[in-house]
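See below for the structure under consideration.
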Amino acid sequence: MSTEKKYTDSGIEIKPVYTASDLPSSNLSELPGSFPYTRGVQPDMYRGRLWTMRQYAGFSTAEESNKRYHYLLSQGVSGLSVAFDLPTQIGYDSDHALSEGEVGKVGVAIDSLEDMEILFDNIKLEEVSTSMTINATGFILLAFYVALAKKQGADLSKITGTIQNDILKEYAARGTYIYPPKPSMRIITDIFEWCSKELPKWNTISISGYHIREAGSTAVQEIAFTLSNGKAYVKAALDKGLDINVFGKRLSFFFNAHNNLFEEVAKFRAARKMWAVMMKDLGATDPKAMMLRFHTQTGGSTLTAQQPLNNISRVTIQTLAAVLGGTQSLHTNGYDEALNLPTEEAARTALRTQQIVGFESGIVDTADPLAGSYFVENLTNEVEQQAWELIEQIDGLGGSVDAIEQGFIQDEIAKSAYEYQRNIETGEKIIVGVNKFHIKETNNTNGFKIDDSIRAVQTEKLKSLKARRTEQVAKQCLADISNAATDGRNLMPFVINAVEHYCTLGEISDVLRKVFGEYS
């Protein structure tokens, strides 16, 4: 027998063999659908309904993205996931000087309600679940979506979907923030409060470990930092006097799926258990307020530009990890995403991967099929224990906001990212086609590129919009937002009113920049 030690990507040692003596006794009597939900949030899991199959899409103009959405819906996606370009994410209209070179590149450009109307043309919002990956300007995009739903005559009580709205991970891992942490948290709790009354089925936040993992964290760090951020949002909502049993049901999570299959499954199982315990300790009594429901995206940082077709196999492993781990929603990456935005063929292949797992693999026929595995149960316990230790460190620093302001979370991610890259460069970590099993390649992939002329198209649309709207009304709407921000009233009604009168995303963001300042 080999004596060489083996470890997961989080550094958890893996024994050569596991037996019944390695089973943690606390897990063995648990059933899916019951506290603490280690085995899943529904008693029958996918026997009742498959996860929502999403494809993350958005590029160029609203017109072009709308065509891709109709294509994906025709291919069997059951939910849309909208990607926004960088100016939209950080609160600049397409005609702003800082938007040059970025309009429509990593997502769709949305400057106004008019763009949102085009984006969802001939798509009834009552009939589709929409996830929007947007944070600092999430409240504005939600306002656009609500205004459009109202124009469609939709019943707001039936509208379903999610805004990411997770600003804390932006400071720690991603960087698309605008305002300082405290006013940003105020905006988020305003969304919690408004949606609890007006948009009851909407998931008001998707607390994201995905970008923490993309920045280089381990699986253990991903759930520890994400759950700590979740705890900070809950405490902020409680401080505002909101009912944990109401807003707690509309909290969702967003995790990454990497290639270490069993560690990833253990991560998802451990995260559910930890969140249930955490929410109970914070005062939740409604079972649905304790359930960790999550969306998964396969790992973008695991995709390689070398031998890109190998990425289909990687995405398949990651799909299995997400489904075996009990995800509620899944987006699979295109095999060409290390080279360019996904082509239609790559997006279709990624969707077919989910469909093959869902309809052909058999792993959906029973809830939590890996339960009772000596290895998986032991690993779930190990991941949980190490994550709790990290959370205790963060609590000792005063919680997530303080830990971020002190640089603790950023430093921990940076150390892990460095160690992972060092292991690749030394060959301790093998990446097929990158540091082993090379071939001579010619790049014959048909890339999908975005033309810079889109900025001119969006600029003309903005000029036309401003010429047609009633300028005096628009100015008053912006003044109302400023006043509400200053005196502490909930911002959402004022922002919705402003977008209905065609105030732009950049104008609303700038008003709040003057009140709250910018974070650097």
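Residues: numbered from 1 along the sequence shown. Please read these numbers as outputs of a predicted model, since none were measured by experiment.
Judged purely by distance below 3.5 Å, without hydrogens or angles, the side chains of Thr504 and Asp93 pair a donor atom with an acceptor atom. No side-chain N or O of Asn229 forms a donor-acceptor pair with one of Thr226 less than 3.5 Å apart. Of the N and O atoms on the side chains of Gln221 and Ser416, at least one donor lies less than 3.5 Å from an acceptor on the other residue. At a cut-off of 3.5 Å, with distance as the only test, no side-chain donor of Asn435 or Lys429 sits close to an acceptor on the other residue. Side-chain contact check for Tyr335 and Asn310: no donor-acceptor pair (N or O, by modelled atom type) lies under 3.5 Å. Ser94 and Asp111 are linked by a side-chain donor-acceptor pair at a separation below 3.5 angstrom, with hydrogens and angles left out of the test. Between the side chains of Gln476 and Asp480, a donor-acceptor pair is found at a separation under 3.5 Å. Side chain to side chain, Glu263 and Ser10 meet the donor-acceptor criterion of an N or O pair below 3.5 Å. For the residue pair Ser217 and Glu222, no side-chain donor N or O sits within less than 3.5 Å of a side-chain acceptor on the partner. Counted by atom type alone, Gln318 and Thr302 present one or more donor-acceptor pairs between their side chains at under 3.5 Å. Between the side chains of Gln89 and Arg174, at least one donor N or O sits under 3.5 Å from an acceptor N or O. Donor-acceptor pairing under 3.5 Å is recorded for the side chains of Thr296 and Thr327. The closest side-chain donor-acceptor pair between Thr304 and Arg314 falls under 3.5 angstrom. Between the side chains of Thr459 and Asp95, no donor-acceptor pair of N or O atoms lies under 3.5 Å. No donor-acceptor contact under 3.5 angstrom links the side chains of His96 and Ser99, judged on distance only. When only modelled atom types and interatomic distance are considered, Asn333 and Thr298 share a side-chain donor-acceptor pair under 3.5 Å. Side-chain contact check for Arg352 and Gln355: at least one donor-acceptor pair (N or O, by modelled atom type) lies under 3.5 Å.
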Yes or no on side chain to side chain contact (heavy atoms under 4.5 Å, CB included) for Lys240 and Thr189, after CA distance, side-chain angles and deciding distance?
CA-CA 8 Å; Lys240 194 164 184 169; Thr189 55; 3.6 Å; yes

Applying side chain to side chain contact (heavy atoms under 4.5 Å, CB included) to Thr332 and Arg54, what does each step give before you reach the verdict?
CA-CA 8 Å; Thr332 35; Arg54 298 186 184 276; over 6 Å; no

Could you go step by step and tell me if Lys169 and Asn135 meet the side chain to side chain contact (heavy atoms under 4.5 Å, CB included) rule?
CA-CA 10 Å; Lys169 66 93 175 51; Asn135 297 284; 3.0 Å; yes

Could you go through the salt bridge (charged side-chain N to carboxylate O under 4.0 Å, His left out) check for Lys415 and Glu412 one step at a time?
CA-CA 5 Å; Lys415 288 175 194 172; Glu412 291 297 302; 3.4 Å; yes

Begin with the C-alpha distance, continue with both residues' side-chain angles, and end with the deciding distance and a verdict on side chain to side chain contact (heavy atoms under 4.5 Å, CB included) for Leu148 and Met116.
CA-CA 7 Å; Leu148 176 57; Met116 192 66 100; 4.0 Å; yes

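The ring-ring contact (aromatic ring centres under 6.0 Å, His included) test applied to Tyr519 returns Tyr171, Tyr177, not counting sequence neighbours. For His501, there are no ring-ring contact (aromatic ring centres under 6.0 Å, His included) partners at least two apart in sequence or on another chain.
At least one donor-acceptor pair closer than 3.5 Å links the side chain of Asp336 to the backbone N or O of Thr343. The backbone N or O of Leu156 sits nowhere less than 3.5 Å from a side-chain atom of Glu198 that would complete a donor-acceptor pair. At least one donor-acceptor pair under 3.5 Å links the side chain of Gln410 to the backbone N or O of Ile404. For Asn203 (side chain) and Ser252 (main-chain N/O), no donor-acceptor pair under 3.5 Å exists by modelled atom type. Checking side-chain atoms of Ser206 against main-chain N and O of Thr162 turns up no donor-acceptor pair under 3.5 Å. Put simply, the side chain of Asp115 never gets that close to the backbone of Ile110: no donor and acceptor are under 3.5 Å apart. Under the 3.5 Å distance criterion, the side-chain polar atoms of Asp190 are matched with a main-chain donor or acceptor of Leu491.
At a threshold of 4.0 Å, the pair Glu100-Lys105 does not count as salt-bridged, since none of the basic side-chain nitrogens sits closer than that to a carboxylate oxygen. Ion pair Arg422/Glu428 flagged as a salt bridge, since at least one NZ, NE, NH1 or NH2 atom sits closer than 4.0 Å to an Asp/Glu carboxylate oxygen.
Legend: ring-ring contact (aromatic ring centres under 6.0 Å, His included) pairs involving residues 132-154, not counting sequence neighbours, sorted by first then second residue: Phe120-Tyr145, Tyr145-Trp202.
Note: Phe516 and Tyr179 meet the aromatic proximity criterion, with ring centroids under 6.0 Å apart. Phe294 and Phe268 have their aromatic ring centers within a separation under 6.0 angstrom.
Judged by a 6.0 Å distance limit and a 45° cone about the ring axis, Arg513 is positioned over the six-membered ring of Tyr92.
Shown here for His258 and Glu214, the closest heavy-atom pair between the two residues is NE2-OE2, 4.1 Å.
With Glu114 as reference, Arg468 is the one residue of Arg468, Lys466, Lys151, Lys461 to meet the salt bridge (Lys or Arg N to Asp or Glu O under 4.0 Å) rule.
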